[in-house]
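See structure below.
These values consider heavy atoms only, across backbone and side chains, with no hydrogens, waters or symmetry-generated copies.
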Amino acid sequence: MHRPRRYDPERRERIVDAALRVVRRDGIGGLSHRTVAAEADVPLGSTTYHFGSLDELLVAALRKVNASFAGTLRARTAPDADGLARLLGEWLGGERGQVELEYELYLAALRRPALRPVAAEWAEEVTAALAPHTGRSTARALVALMDGIGLQVLLTGTPYDEEYAREMIARILHEGPKEQAGGLSEAPVRPTGT
């Protein structure tokens with residue numbers, strides 16, 4: 001006897017959420033249609049129906065996590081060094097597992113070409129959020145700096161240094177030094193013996 005198909009409009013979204021939980025817990029290496037189906041509590045056929053490949057599923061997952069940072073940035077007032085350093089600190093100071101998940105999906109584009117356009121979309125979205133306030137070239141430099149600081153914090157385990165981030169962001173924005181920066185700049189090194 002043929003059972004009627006159950007109407008479940010949120011199933012696709014539940015599968016993406018389950019994929020994010022699997023990657024967060026087990027890394028991308030632990031991701032399979034089977035592990036996602038078990039995590040989402042759906043039949044295996046549902047995952048392959050909605051996502052023909054794991055890359056399709058990873059694209060959907062990366063798009064979901066990408067939306068949060070750019071959305072937060074758009075909700076802020078015009079960016080300045082204080083605000084951007086604080087935002088970066090809030091993001092990195094949040095739940096570490098979530099930040100690691102976002103970077104793991106983002107960096108998966110190195111080995112999975114299907115993810116590269118989505119990773120580029122994230123950089124473009126953040127650049128577009130900053131560009132009306134800073135200009136496009138400056139926005140791109142800010143994205144590169146904040147990305148680099150985030151990676152260094154995650155990979156080295158060193159605590160986020162908001163004062164350093166503020167000063168480097170201010171340099172890119174051509175803002176004058178702030179009193180609270182406390183002289184973090186290093187004096188230029190002059191060659192000796194010339």
| Is it the case that one hydrophobic cluster holds both Ile15 and Leu44, taking links as side-chain heavy atoms less than 4.5 Å apart, direct or via other members? | no
| Looking only at atom types and distance, does a side-chain atom of Arg86 sit under 3.5 Å from a main-chain N or O of Glu162, one as donor and one as acceptor? | no
| said: Once side chain to side chain contact (heavy atoms under 4.5 Å, CB included) is applied, do any residues pair with Ala128, and if so which ones, sequence neighbours excluded? | reply: Arg74, Glu124
| task | Using a cut-off of 6.0 Å, state whether more than 12 heavy atoms not belonging to Arg24 lie near its atom CZ. | result | yes
| Inter-residue atom distance Leu173.CG - Thr134.OG1, 0.5 Å rounding | 7.0 Å
| remark: Distance col, row Glu102:CD vs Asn66:CG, nearest 0.5 angstrom, shows 8.0 Å
| request: Please tell me if the side chains of Val65 and Tyr103 come closer than 4.5 Å, counting only heavy atoms from C-beta onward. | output: no
| Between Arg116 (side chain) and Ala109 (backbone), is there a donor-acceptor pair under 3.5 Å? | yes
| field | Contacts of type ring-ring contact (aromatic ring centres under 6.0 Å, His included), residue Trp122, not counting sequence neighbours | value | Tyr106
| Pro43: partners by side chain to side chain contact (heavy atoms under 4.5 Å, CB included), with sequence neighbours left out | Arg11, Ser46
| task | Output the distance between atom CG (Leu130) and atom CD1 (Ile172), rounded to the nearest 0.5 Å. | result | 10.5 Å
| said: According to side chain to side chain contact (heavy atoms under 4.5 Å, CB included), who are the partners of Gln152, at least two apart in sequence or on a separate chain? | reply: none
| Least distance between heavy atoms, Ala139 atom then Ala131 atom | CB-N, 3.7 Å
| message | Between Leu151 and Leu107, is there a side-chain heavy-atom distance shorter than 4.5 Å? | response | yes
| query | Do Glu163 and Glu167 have side chains that get closer than 4.5 Å, going by heavy atoms? | reply | no
| said: Please evaluate residues Leu20 and Leu105 with respect to the criterion side-chain contact (heavy atoms from CB on, under 4.5 Å), reporting the C-alpha separation (whole Å), side-chain torsions for both, the decisive distance (0.1 Å), and the verdict. | reply: CA-CA 9 Å; Leu20 290 170; Leu105 288 169; 3.6 Å; yes
| task | Calculate, to the nearest 0.5 Å, the distance between atoms CG and NE2 belonging to Leu84 and His133 respectively. | result | 9.5 Å
| For Arg166, which of Asp82, Asp161, Asp80 qualifies under salt bridge (Lys or Arg N to Asp or Glu O under 4.0 Å)? | Asp82
Which side-chain N or O atoms in residues 27-35 pair as donor and acceptor under 3.5 Å with protein atoms at least two apart or in another chain?
unit_1 : atom_1 : unit_2 : atom_2 : d
Ser32  : OG     : Arg34  : N      : 3.4
Ser32  : OG     : Thr35  : N      : 3.0
Ser32  : OG     : Thr35  : OG1    : 3.3
His33  : ND1    : Thr47  : OG1    : 3.3
Thr35  : OG1    : Gly30  : O      : 3.1
Thr35  : OG1    : Ser32  : N      : 2.9
Thr35  : OG1    : Ser32  : O      : 3.0

| remark: When rounded to the nearest 0.5 Å, the distance separating CE of Met146 from CH2 of Trp91 is 9.5 Å
| said: Evaluate Leu142 against Thr138 for side-chain contact (heavy atoms from CB on, under 4.5 Å), listing each step before the verdict. | reply: CA-CA 6 Å; Leu142 287 168; Thr138 300; 4.3 Å; yes
Atom pairs and distances, side-chain donor-acceptor, residues 54-64, under 3.5 Å, sequence neighbours left out:
unit_1 : atom_1 : unit_2 : atom_2 : d
Asp55  : OD1    : Arg112 : NH1    : 2.6
Glu56  : OE1    : Gly52  : N      : 3.0
Arg63  : NE     : Glu121 : OE1    : 3.1
Arg63  : NH2    : Glu121 : OE1    : 3.3
Arg63  : NH2    : Glu121 : OE2    : 2.7
Lys64  : NZ     : Glu13  : OE2    : 2.5
Lys64  : NZ     : Asp17  : OD1    : 2.4
Lys64  : NZ     : Asp17  : OD2    : 3.4

| query | Roughly how far apart are Leu92 CG and Leu87 CG, rounded to 0.5 Å? | reply | 9.5 Å
| said: Evaluate Gln98 against Leu101 for side-chain contact (heavy atoms from CB on, under 4.5 Å), listing each step before the verdict. | reply: CA-CA 5 Å; Gln98 181 64 29; Leu101 167 69; 3.9 Å; yes
